[in-house]
Every structure is written in structure tokens, then in C-alpha cells.
Number of protein chains: 4
Amino acid sequence: MNAELKKRARRKAERPIEILDAAFEEFARNGYAATRLEDVAARASVTKGTIYFYFETKERVFDEMIRYKSQAFFPELESYAGTLEGSYSARLRALMVFVYRKIAEDRPFRETLRFLIADGSRFPDLVDRHYDEFMRPVIDQFRMVIEAGVAAGEFRPSQASTFTEIVMSPALLLTVWSLLFGTRRQIDVAVFTDASIDLLMRGIDTSR
Amino acid sequence: MNAELKKRARRKAERPIEILDAAFEEFARNGYAATRLEDVAARASVTKGTIYFYFETKERVFDEMIRYKSQAFFPELESYAGTLEGSYSARLRALMVFVYRKIAEDRPFRETLRFLIADGSRFPDLVDRHYDEFMRPVIDQFRMVIEAGVAAGEFRPSQASTFTEIVMSPALLLTVWSLLFGTRRQIDVAVFTDASIDLLMRGIDTSR
Amino acid sequence: MNAELKKRARRKAERPIEILDAAFEEFARNGYAATRLEDVAARASVTKGTIYFYFETKERVFDEMIRYKSQAFFPELESYAGTLEGSYSARLRALMVFVYRKIAEDRPFRETLRFLIADGSRFPDLVDRHYDEFMRPVIDQFRMVIEAGVAAGEFRPSQASTFTEIVMSPALLLTVWSLLFGTRRQIDVAVFTDASIDLLMRGIDTSR
Amino acid sequence: MNAELKKRARRKAERPIEILDAAFEEFARNGYAATRLEDVAARASVTKGTIYFYFETKERVFDEMIRYKSQAFFPELESYAGTLEGSYSARLRALMVFVYRKIAEDRPFRETLRFLIADGSRFPDLVDRHYDEFMRPVIDQFRMVIEAGVAAGEFRPSQASTFTEIVMSPALLLTVWSLLFGTRRQIDVAVFTDASIDLLMRGIDTSR
DNA sequence: GATGAATGAGCGTTCATTCAT
DNA sequence: TATGAATGAACGCTCATTCAT
């Protein structure tokens with residue numbers, strides 16, 4: 001009976017998470033407005049009323065789902081960045097591989113981007129948060145490596161340090177591609193990443 | 001009375017277009033599901049019934065709005081590409097400027113991308129059409145210039161010709177940035193374009 | 001050109017009839033409430049506006065359609081009744097055959113009954129009219145023959161003269177059967193008529 | 001509180017029935033298409049939403065209302081038929097009285113017939129069901145008695161056993177009369193029944 | 001006479017939200 | 001905690017009716 005109790009307690013504690021997981025799937029499938037809380041409830045194996053026990057409104061379910069699903073890239077990134085070593089070129093390459101892979105493989109990240117593009121105007125806080133906790137840290141890490149590389153004479157001085165966004169733009173394209181075409185026009189992430197790195201590092205032009 | 005007649009006739013002919021223009025604004029503001037046809041009607045200064053005189057369903061309004069708003073980049077691109085001359089490097093730069101500007105300045109293009117990212121799964125035909133009439137033509141133009149440049153020995157052989165998407169990815173980032181942050185974190189398109197071109201042409205790395 | 005003019009004039013004169021014919025078909029198919037004037041118009045090869053040129057409202061279209069479709073049985077019946085001769089038994093048989101056939105074969109009659117059963121409460125005048133111009137005359141004719149037959153000693157005195165409805169009830173059953181089951185459970189009208197006549201004339205019982 | 005609970009539980013269980021009862025009244029008054037679910041709801045003292053909690057569509061409300069209202073004549077008839085005894089003539093009379101009374105007194109039966117005549121084409125299953133559960137059983141009972149009577153030499157062989165419908169046709173006339181004229185031209189059921197029985201048993205004709 | 005664009009009231013249906021249990 | 005019956009506002013869509021041409 002103690003075991004039973006514990007199981008129940010554990011389940012109780014996990015309820016909100018189960019609901020948010022279900023919400024993620026449903027919102028991802030239909031978008032914010034077209035998702036019915038009833039379907040979220042069904043997917044989480046609870047009833048609508050239960051959702052309202054844990055969350056005040058549909059907006060809150062969405063909001064907290066996003067926060068829950070998009071948390072924790074920041075520390076991951078920082079910690080990875082801390083391990084970088086060797087030439088700045090190697091560091092930049094490694095960072096790009098890391099970020100591209102994250103973006104390409106992390107469905108929650110991808111769908112969060114979809115949510116924010118679709119309904120960001122209704123949830124401006126989430127957009128800001130996404131910038132602060134994903135976009136900016138990534139840009140900052142790129143900038144730091146690039147600036148250090150320039151200082152070390154390894155990279156030529158260029159706009160790349162002011163527009164670090166450029167360096168992550170192929171990764172974003174990968175994401176948008178996936179959001180638009182799903183599995184229909186899949187791009188080989190590894191090869192695409194290599195190509196992007198190659199291009200950004202060495203350029204197209206031979207006339208230098 | 002002749003003037004009256006003409007005005008009426010002209011208005012009649014323009015009704016569907018006025019409705020689609022209004023639909024664009026409302027769908028852009030709220031997304032597909034959260035847009036009320038009543039609001040579209042009000043913005044177009046007609047009543048709900050009138051919309052249904054011209055369009056069968058809300059879906060059709062959306063679909064035809066997208067088609068109407070995203071038409072005609074293809075010929076524009078082809079015609080521009082036909083005027084390219086000079087070194088392949090110059091041609092590629094010119095093409096990038098042309099495409100980046102289009103993407104950056106054309107709100108219908110931007111919002112169409114938002115629509116497709118948000119509700120593409122409900123309108124797969126529109127997604128395919130967008131690929132066929134925008135993405136692929138752009139990619140093809142880039143590829144042609146790059147391959148010619150490589151053949152002429154002006155560009156080094158690289159993955160750039162197999163992953164031409166990379167070349168347009170900064171432009172896509174510009175779009176997504178705008179969709180996400182609106183005017184809050186605006187990027188200077190001209191400078192960003194220059195930077196992107198510079199980077200893609202010459203690369204970051206100095207070690208060559 | 002004179003011919004053209006005449007044709008046009010004729011068509012013009014026939015327009016309302018064409019509309020009422022079309023209305024009959026549509027109302028028969030869907031009932032009053034579920035019929036769209038647009039469909040009536042289409043079937044009559046005119047536009048909705050034209051219907052309103054000839055009829056004030058949908059109710060009037062229905063009303064006039066019923067009057068048009070159910071007219072003229074009265075004189076037909078009277079004139080037929082005038083031709084009856086021979087024994088009263090033969091006259092009654094002939095009258096039953098005449099009435100049964102009319103009911104069985106006349107789709108407008110059948111559908112009118114459907115209309116009145118379905119929407120009679122909305123059109124009480126039509127119901128009264130149907131009674132006055134169909135039900136009562138039929139009953140009266142039966143009654144006259146029966147009473148004359150009784151007076152002549154050919155028929156036994158019975159309730160049949162007060163409840164003449166009974167004599168026409170098999171015909172009504174035929175109608176209802178058709179309205180309910182369409183062609184699914186068709187009854188052979190001729191044989192059924194004979195059987196009904198036989199039964200009503202001679203009875204089931206042998207113990208007399 | 002226990003009383004409260006019970007009352008609530010009972011109400012909950014009765015809700016669908018209350019709705020169907022209300023639906024019966026409204027559909028009977030206006031027909032299927034012209035009935036507003038809002039009025040059904042009001043009559044049942046609930047809101048529109050509640051109806052949709054119990055029934056999927058307006059069609060389902062109608063369908064289930066018919067099934068609920070027209071159930072259970074079959075067993076009643078069988079059980080009554082089991083009690084018949086005495087001469088076949090007496091049995092047939094008794095059966096006719098039983099069926100005629102049922103038809104005359106049972107408003108749900110009458111209105112069901114109206115529904116099926118009016119909207120049967122939209123609900124073919126209901127029409128079939130009505131045939132299987134009302135028309136055929138009645139016909140079969142009549143046929144069995146008549147055939148037994150013929151076998152016993154009490155009835156003369158006639159078409160009455162192949163067209164048993166004739167025997168129930170006066171009852172159907174009674175129904176149609178009521179559907180058409182309501183209380184305006186009421187027929188005295190008892191006397192009409194007697195007259196019908198008399199006529200069908202003995203016939204009009206004296207010339208035998 | 002005839003058209004057909006336009007209206008607007010109305011209805012079926014949905015769904016976020018509430019609340020008694 | 002959790003349920004699920006109940007609500008009611010809202011929205012897509014329909015269609016009888018009008019009216020300028």
C-alpha cells in the first residue's frame with residue numbers, strides 16, 4: 001500500500017508534465033488556436049477539468065509548455081563552449097557542428113520556433129525569452145570565438161563579428177526547411193553542415 | 001450615370017481582390033484559425049455574406065489569398081537573371097542583392113512564409129507551390145551562376161553548388177528575424193546583405 | 001422577328017409555370033424548409049431574382065405550387081361520375097377503380113399529401129382547400145352511390161354511408177405506402193384495387 | 001445532501017430523455033428542418049451546448065428521438081395477440097380494435113408517421129425500422145388470424161390474406177386524418193372502428 | 001423583365017471555462 | 001485531486017430577400 005501511495009504521489013507530481021508533453025504534441029500538430037484542450041486532456045489521459053486544476057487558462061498551458069520545452073539549452077551551450085580548445089578555426093567549426101546538430105535534431109526547438117513564428121504576437125514574453133535564452137547566447141558564443149580568432153590573426157576582420165547571425169543562418173534554414181517540408185525534402189544534416197562550414201570559412205571566391 | 005456604372009463595375013471586379021487584401025491583413029495579424037471572417041469582411045467594407053458569394057469556405061479565402069499574394073516572383077527573377085553580366089562574382093553578388101532585397105522588403109513574401117510555417121500542414125498544396133515557384137527557382141538561379149563561375153575558374157569547386165540553399169540562408173534568417181521580432185530587433189538589410197555576400201565570397205578564415 | 005417575339009412572349013407567359021414545376025420537384029425532394037429557392041431557380045433555368053419577380057415570398061411559391069399542382073381533380077371526378085351507369089354495385093366498383101387509379105398514378109397528388117402532412121400547420125388554407133376540393137368531393141361521390149344503392153335495395157344499410165372514408169382508405173394506404181417506401185415495397189395497384197373492392201363489397205366473413 | 005445527490009443523479013440520467021421529449025414536441029410542431037435546436041434546448045430547460053454533450057448532431061437528436069418514441073409496440077402486440085381466443089371472427093375483431101385504438105390514441109406513433117413521411121428520405125434507416133417493427137408485425141398478426149380463419153372455414157378465401165394491408169388501412173386513414181386536420185375534422189374512433197370492422201367482415205353488397 | 005451582387009438575420013456546431021460532486 | 005456535466009459566447013456558413021442595373 002505504501003508502494004501504491006508512492007506511485008500515486010509520483011503520478012500526481014508528474015501530471016503537469018504529462019499535460020505539457022501532451023500539449024506540445026497537440027499544439028505542434030494544430031497550432032495554438034486550432035488545438036482543443038479536450039484533445040490535450042485525452043492525450044494526457046486526464047479530463048479537461050484536470051488541466052484547469054493545474055493551469056489557469058489555455059494560454060497558460062501554452063506558455064508553460066513553451067517554457068518547459070525550450071529550457072536548458074543555455075547551460076548546455078555554455079558548458080560545451082567551455083570545453084572548446086585548439087585553433088580558433090577548429091573551435092568555430094566545433095561550435096557550428098554543435099549548434100547545427102542541436103537545431104537539426106531537437107524537435108522541441110524546431111516546434112518552438114514554429115509556435116513563436118505563428119503566434120508570437122500573442123506571446124511577446126515568450127519571444128523575448130527565446131531571444132534571451134537561445135538566440136543571444138548562441139550569437140554571443142559565435143561572436144566570442146570569432147573575435148578571439150580575429151585577435152589571434154587567425155580570422156580576417158570582417159562583418160562576421162557584427163553579424164554573427166550569418167554564421168547560424170544555415171542552421172536556421174535547416175529548421176525552416178524542416179518546418180515547411182517535413183520529411184519531404186530532407187537535407188542531409190551532416191553534409192549540409194560540412195558544406196556550410198566550408199563555405200563560411202573559405203568562401204566561394206577563388207580570386208583573393 | 002456612365003461614371004456611376006463604371007465605378008460600380010470596377011468595384012464589382014475588384015471585390016474579390018479587396019477581400020483578399022483584407023484577408024491578408026487579418027490572417028497576418030491572427031493566423032488562420034484565430035481570424036474571423038467577419039473581421040475580414042469588415043476590413044473589406046462588405047458583409048460576411050459577400051465573402052461567401054466569392055469564396056466557398058474560409059479555407060478557400062486563405063488559399064486564394066496566398067496564391068494571389070505570392071504570385072509572380074518567378075518571372076521577375078528570371079527576367080532579372082537574364083540581365084546579369086560581367087564576372088561571375090559580380091553576377092552572384094548582384095543576384096544575392098536582388099534576392100535579399102526582395103525577401104527583406106516584401107511583406108507579402110514574409111507573411112506567406114509565416115502562414116506556411118504555421119498552417120502548412122493544413123495546406124500542403126500551398127507549400128509545394130511555394131517551393132516550386134519561389135524556393136526552387138531561386139536555388140536554381142544561384143546554382144547556375146555558381147556552376148558557371150566554377151567552370152570559368154572564377155569560383156573554387158565546393159559544396160556550394162550542391163547546397164545552394166546555403167547561399168540564400170542569410171536572407172531567410174532576415175525573414176525569420178522579422179517574423180519573430182518585428183521591428184524590435186531590426187537588422188540593417190543593406191549592411192547585412194553586404195556582410196553576408198562578403199562572408200560567402202571570401203570566407204572567415206585567413207589560413208588559405 | 002414576329003416569331004421571335006411570339007416565342008419570347010410565350011416563354012414569358014410560361015415562366016411562372018416553369019418555376020412552379022421546378023418548385024414542385026425541389027419541394028418534393030427536400031420538403032418546404034429544406035428547399036432553397038436557388039435550386040428552384042436553377043431547375044427552372046432562371047435566377048433567384050426572377051422568382052421574386054413573379055412571387056412575393058418562398059411561402060407564396062409553395063402555396064401557388066400546391067394550388068397549381070392539385071387543381072382540377074374536382075371537375076374530372078364530377079364529369080366521370082356523370083358517366084356512371086348500370087347497377088350500383090358496378091358504379092361503385094367503377095368509382096373505386098377510378099379513384100384508386102388516380103391516387104396511385106398521380107404523383108402530384110401524392111406529393112401534395114406529403115406536403116400537407118409535413119407542413120400543413122404552416123399552410124392551413126391549403127389543407128382546407130385540399131379537403132374541399134379533393135377529400136370531400138370523393139367522399140360525396142362515394143356516399144351518393146352508396147346511398148342510392150341502399151335505396152335501391154342493392155346494398156345493405158350500413159355505416160358505410162356515414163363513414164365513406166373507409167371506402168377510400170385502401171387508396172390512402174397505397175399513397176402512404178408510396179410516400180414512405182418509394183419503390184422499395186411496391187404494391188401492385190391493379191391487384192390491390194381488386195382485392196380492396198372485393199373485400200369491401202363482400203366482406204371477409206362467410207358466416208352470414 | 002444524500003437527497004440532493006440522488007436528485008442530481010436522477011436528473012443527470014434523465015437529461016437525454018428530457019431532451020428527446022422536448023425534441024419530439026418541437027420536431028412535431030415544425031418538422032425536422034424548421035426546428036431550432038435552441039428551442040429544443042429551451043423546452044428541455046438546458047442550453048444548446050448540453051444537447052451537444054449528449055448528441056453529436058441535430059440528425060442524431062432526431063434519429064434517437066424517433067427510436068425512443070417508437071419503440072416497444074412490437075412486444076405489446078405479440079403479447080396481446082397471444083391472449084386472443086374464441087372464434088376467428090372474434091379474434092380478428094379484437095385485433096382490429098386493438099390496433100385501431102393504438103393508432104388512434106398514440107400521438108408518438110402518429111407523429112412518427114408524419115416525420116417519416118416528411119423526412120423519411122433523409123432517414124431511410126428509420127423508415128426500414130418502422131416497417132420492420134410496426135408495419136410488418138401488424139400485417140403478420142392480421143394475416144395469421146385470417147389464414148387460420150380461412151383454414152377453419154370461418155372466413156372465405158380471399159385476397160385479404162395476401163393484402164392484409166387493406167385490413168389496417170382504415171386505421172391508417174384515421175392517422176392521416178389526424179395529421180392533416182388535427183382536431184378540426186375529428187372522427188369518432190370507436191364508431192369508425194366498428195364501422196370498419198363491420199364493413200370488412202360483411203361487405204357492402206347484399207347481392208350474394 | 002431579368003440579373004446577380006449584396007445583405008443580414010439566423011442556425012448548427014465548437015470549445016474554453018466553470019463548478020458541483 | 002479529479003471528474004464530467006453544463007454553460008454561453010463565438011464562429012462558419014446558409015439563404016430568403018432586396019435592389020441597382
Side-chain angles (χ1 to χ4, degrees), chain A residues 8-9 11-13 15 33-41 45-61, chain B residues 1-2 4-9 11-13 15-16 33-41 45-61, chain C residues 8-9 11-13 15 33-41 45-61, chain D residues 1 4-5 8-9 11-13 15-16 33-41 44-61:
Chain A
R8 186 165 307 178
R11 290 209 59 193
K12 215 183 308 189
R15 271 285 143 78
T35 290
R36 299 145 26 102
L37 244 25
E38 181 109 42
D39 290 341
V40 173
S45 305
V46 298
T47 60
K48 253 191 301 182
T50 304
I51 294 183
Y52 279 89
F53 183 79
Y54 291 106
F55 307 93
E56 287 168 38
T57 62
K58 185 185 179 184
E59 286 202 347
R60 291 299 294 248
V61 174
Chain B
M1 216 159 94
N2 202 356
E4 259 292 299
L5 211 149
K6 264 185 189 163
K7 202 168 87 188
R8 192 168 294 260
R11 291 210 60 190
K12 210 186 311 190
R15 270 285 137 77
T35 291
R36 301 148 17 104
L37 243 24
E38 183 117 40
D39 290 342
V40 173
S45 304
V46 297
T47 59
K48 253 191 303 182
T50 302
I51 294 183
Y52 281 91
F53 184 78
Y54 291 104
F55 306 95
E56 286 167 41
T57 61
K58 186 184 178 183
E59 286 203 347
R60 290 297 291 245
V61 174
Chain C
R8 186 167 307 178
R11 288 209 61 192
K12 213 185 308 188
R15 273 282 143 79
T35 290
R36 301 146 23 103
L37 244 24
E38 181 111 40
D39 290 341
V40 173
S45 305
V46 297
T47 59
K48 253 191 301 183
T50 304
I51 294 183
Y52 278 89
F53 182 79
Y54 291 105
F55 306 94
E56 287 167 39
T57 63
K58 186 185 180 185
E59 287 203 344
R60 290 300 293 248
V61 174
Chain D
M1 214 160 96
E4 259 292 300
L5 213 151
R8 192 169 294 259
R11 291 210 61 193
K12 211 188 309 192
R15 269 285 136 76
T35 291
R36 300 145 21 104
L37 243 26
E38 183 117 43
D39 290 341
V40 173
S45 304
V46 298
T47 60
K48 256 192 300 183
T50 303
I51 294 183
Y52 280 90
F53 184 78
Y54 291 104
F55 305 95
E56 286 167 41
T57 62
K58 185 185 178 183
E59 287 203 346
R60 291 297 290 245
V61 174

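In what follows, every heavy atom counts, from backbone to side chain, and hydrogens, waters and symmetry copies are set aside. The sequence lines fix the lettering, A, B, ..., with proteins before strands; numbering per chain opens at 1.
For DNA chain E, if you chain together Watson-Crick or G-U pairs that step i with j, i+1 with j-1 and so on, the runs of at least three with distances under 3.5 Å are E:2-21 with F:2-21.
Remark: C1' of dT17(E) and OH of Y54(A) are 18 Å apart, rounded to the nearest angstrom.
T57(C) and Y52(C) make their closest contact through CA-CE2, 4.2 Å (heavy atoms, listed as atom of the first residue, atom of the second, distance). Residues I51(C) and L37(C) approach most closely at CD1-O, 3.6 Å, considering heavy atoms. Considering every non-hydrogen atom in both Y54(B) and P16(B), the closest pair reads CD2-CG, 3.7 Å.
One N or O on the side chain of K58(A) and one on the backbone of T35(A) form a donor-acceptor pair closer than 3.5 Å.
In this structure T47(D) satisfies the side-chain contact (heavy atoms from CB on, under 4.5 Å) test together with T50(D), sequence neighbours excluded. With sequence neighbours excluded, the residues satisfying side-chain hydrogen bond (donor to acceptor under 3.5 Å, both in side chains) with K48(C) are E38(C).
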One character per nucleotide, please: for nucleotides 11-16 of chain E, 5' to 3', B when the base has a protein heavy atom closer than 4.0 Å, S when only the sugar-phosphate does, - otherwise. SBBBSB
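Nearest nucleotide to the V46(A) side chain, out of dT3(F), dG1(E), dT3(E): dT3(F).
Interatomic distance, S45(D) OG to R15(D) CZ, rounded to the nearest 0.5 Å: 8.0 Å.
A close approach under 4.0 Å does occur between a side-chain nitrogen or oxygen of T47(D) and OP1 or OP2 of dT7(F).
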